[in-house]
Amino acid sequence: MTKLETKGIVKFFKHDSHNLMALGGVDLEVEDGDFVCLVGPSGCGKSTFLRIIAGLEKPDEGEVIFDGKPVTTTGPERIMVFQEGALFPWLKVQDNVEFGLKMAGIPKEKRSQISKRYLDMMQLTKFADSFTFQLSTGMKQRVAIARALVMDPDVLLMDEPFAALDAQTRDLLLVEMQLIWEKTKKTILFVTHNVAEAAVLGTKVAVFSNRPSKIKKQIPVNFKRPRLAEDENLTGLQQEILAELRPEVKKSQ
Amino acid sequence: MNKITLAKKIAFYIILVILWQTISMSDIWPNNIFPSPYEVGEDLAYMASDGSLFFGIGTTILRLIVGLAIAIAGGIVLGVLMARIETINQTIGSLVLGLQSIPSIAWVPLAILWFGLTDTGIIFVTAIGAMFAVTINTYTGIKNIDPHYVEAARNMGAKGTQLITSVLLPAAFPYMISGFKQGWAFAWRGVIGAELLFSFLGLGFLLNVGRQLNDVSQVIAIMLVIMLIGMAVDGFIFKKIENKVMSRWGLR
């Protein structure tokens with residue numbers, strides 16, 4: 001079943017005096033429960049594409065269709081996880097995780113019941129009363145993921161969430177992310193510039209072309225999970241992705 | 001503060017007092033013009049023992065607190081409106097910048113004409129002198145919020161008043177705290193200045209009484225009290241809040 005669909009998404013970037021066409025009509029169909037990794041040369045607009053799906057930006061042309069209906073604003077069924085986490089420093093970890101529930105007017109007791117489950121899932125229970133400045137970058141991203149999952153969205157939109165992590169932390173989170181996906185059955189769109197990350201996580205890898213970007217190729221990934229970054233059978237796949245990506249990166253420079 | 005810095009400070013003040021005592025004993029100026037630190041201390045002790053000092057401090061602080069509370073409340077509301085509604089920023093915002101440049105003391109004649117020689121008048125001067133600093137800092141704070149905070153909050157369903165109270169104000173708080181600090185400084189100057197001219201009760205009033213009685217040591221004694229209270233508020237209250245906010249917000 002198609003969960004999310006984009007039709008001919010066009011977006012211009014304002015660039016000094018002229019407009020630059022960043023997205024040149026992006027069509028994408030995402031099945032319910034898909035884990036789609038979006039890779040592309042830097043500046044191709046893949047993050048912007050994600051923000052358009054979230055409803056944080058408006059496309060200049062085209063539409064986003066969720067469950068058969070066009071959407072133009074943000075909604076709790078499409079929740080974004082930002083690159084830097086965008087956690088609120090004035091709130092404790094638990095209050096950060098409960099933020100969306102509080103906005104929805106859910107009473108305190110019910111909130112802590114729900115948040116407890118996700119704090120456990122992300123191994124954050126010990127840190128529930130910490131402030132974000134006391135956390136490592138990896139911990140912060142766990143909080144950001146928990147904060148998004150608490151909303152119980154249909155679609156999780158992740159914008160390079162592991163880009164700022166050190167290699168060991170990233171490896172850990174790559175495994176955990178697969179477990180979370182298997183456990184929660186969420187549909188996930190995951191933007192990354194890291195080909196290995198895309199191969200490990202995705203059920204599908206969508207490669208963006210250089211500006212004006214379209215989706216150049218979609219590569220299905222069928223290896224069994226949990227996959228590790230160093231799995232040898234992923235090497236071939238990574239080569240395949242890179243072969244698509246490399247000419248686009250070249251054009252972008 | 002480390003021990004060496006503290007020692008330097010203490011030594012400096014001891015030398016200052018000794019110097020002051022030496023000059024006053026040298027008979028360059030008569031004692032009623034340039035009193036010794038001992039005489040000033042005596043005056044302070046006298047005003048403390050008959051309670052007039054504490055009554056004066058209490059009166060001034062009370063006026064300050066009421067004035068500053070009004071300034072902070074009004075300043076935040078105005079700052080939020082300016083940050084959220086562009087028309088208000090373009091119109092009232094420009095006026096705020098202008099009003100900010102009026103020294104508190106310049107509001108005194110208007111306050112006397114409007115409110116007479118009343119507490120309300122003094123509080124008016126205190127509040128209006130402090131309010132625009134709070135306004136401008138609240139506005140700047142909200143304008144400088146990391147846009148990801150607002151996007152994340154909107155994505156999680158925050159809007160309207162909820163967005164303002166649960167995200168915009170806390171995110172702008174590091175700026176707002178500088179606004180409160182500036183506001184307090186203006187309010188402190190404003191309340192003393194107004195008391196000098198309105199002339200009833202308070203530290204400013206005691207200063208004026210000293211002048212009328214030609215009592216230089218009382219004038220200096222009250223000035224010292226004003227300075228010490230100012231240092232205490234800056235050094236303890238605001239510094240503590242600032243340190244806490246800065247580290248929690250990850251700005252240090």
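All values below come from the heavy atoms of this structure, side chains included, with hydrogens, waters and symmetry mates left out.
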Can you tell me how far [atom2] of [Y] sits from [atom1] of [X], rounded to the nearest 0.5 angstrom?
X      : Y      : atom1 : atom2 : result
A/F99  : B/S166 : CZ    : OG    : 5.0 Å
B/N155 : A/I79  : CG    : CD1   : 4.0 Å
A/M151 : B/M156 : CE    : CE    : 7.0 Å
B/E151 : A/M80  : CD    : CE    : 7.0 Å

Does atom [atom1] of [X] have more than 12 heavy-atom neighbours, drawn from other residues, nucleotides or ligands, at distances under 6.0 Å?
X      : atom1 : result
B/R189 : CZ    : no
A/K102 : NZ    : no
B/L95  : CG    : yes
B/M223 : CE    : no
A/E109 : CD    : no
B/K143 : NZ    : yes
B/F200 : CZ    : yes

Legend entry - Interface moiety of B/V167 toward chain A, non-hydrogen atoms closer than 4.5 Å: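 For B/V167, the contact with chain A is made by backbone and side chain together.
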Legend entry - Nearest heavy-atom neighbours spanning B/R154 and A/G55: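 Between these two residues, the closest heavy atoms are NH2-O, 4.2 Å.
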Legend entry - Over all atoms of both residues, closest heavy-atom pair of A/M103 and B/Q162: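 The pair with the smallest heavy-atom distance is O-NE2, 3.0 Å.
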Inset, instruction - Report the C-alpha separation of A/F133 and B/W249 in whole Å, then their side-chain angles, then the decisive distance to 0.1 Å, and conclude whether the side chain to side chain contact (heavy atoms under 4.5 Å, CB included) test is met. - result: CA-CA 7 Å; A/F133 77 95; B/W249 266 244; over 6 Å; no
Inset, instruction - Classify the angle between the aromatic ring planes of B/H148 and A/F82 as parallel (below 30°), tilted (30 to 60°) or perpendicular (above 60°). - result: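 B/H148 and A/F82: tilted rings.
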Legend entry - Residue selection (most heavy-atom pairs with chain B, distance under 4.5 Å) from A/V81, A/T74, A/L101, A/T132: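 Winner by heavy-atom pair count: A/T74.
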Inset, instruction - Please flag which part of A/R51 lies under 4.5 Å from any non-hydrogen atom of chain B: side chain, backbone, both or neither. - result: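 Contact with chain B involves the side chain of A/R51 alone.
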Inset, instruction - Can you tell which part of A/L91 gets under 4.5 Å to a heavy atom of chain B, answering side chain, backbone, both or neither? - result: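 When you check distances to chain B, no heavy atom of A/L91 falls under 4.5 Å.
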Inset, instruction - Would you check if B/Y149 and A/P89 make a side-chain contact, meaning some heavy-atom pair closer than 4.5 Å? - result: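 Answer yes - side chains close enough.
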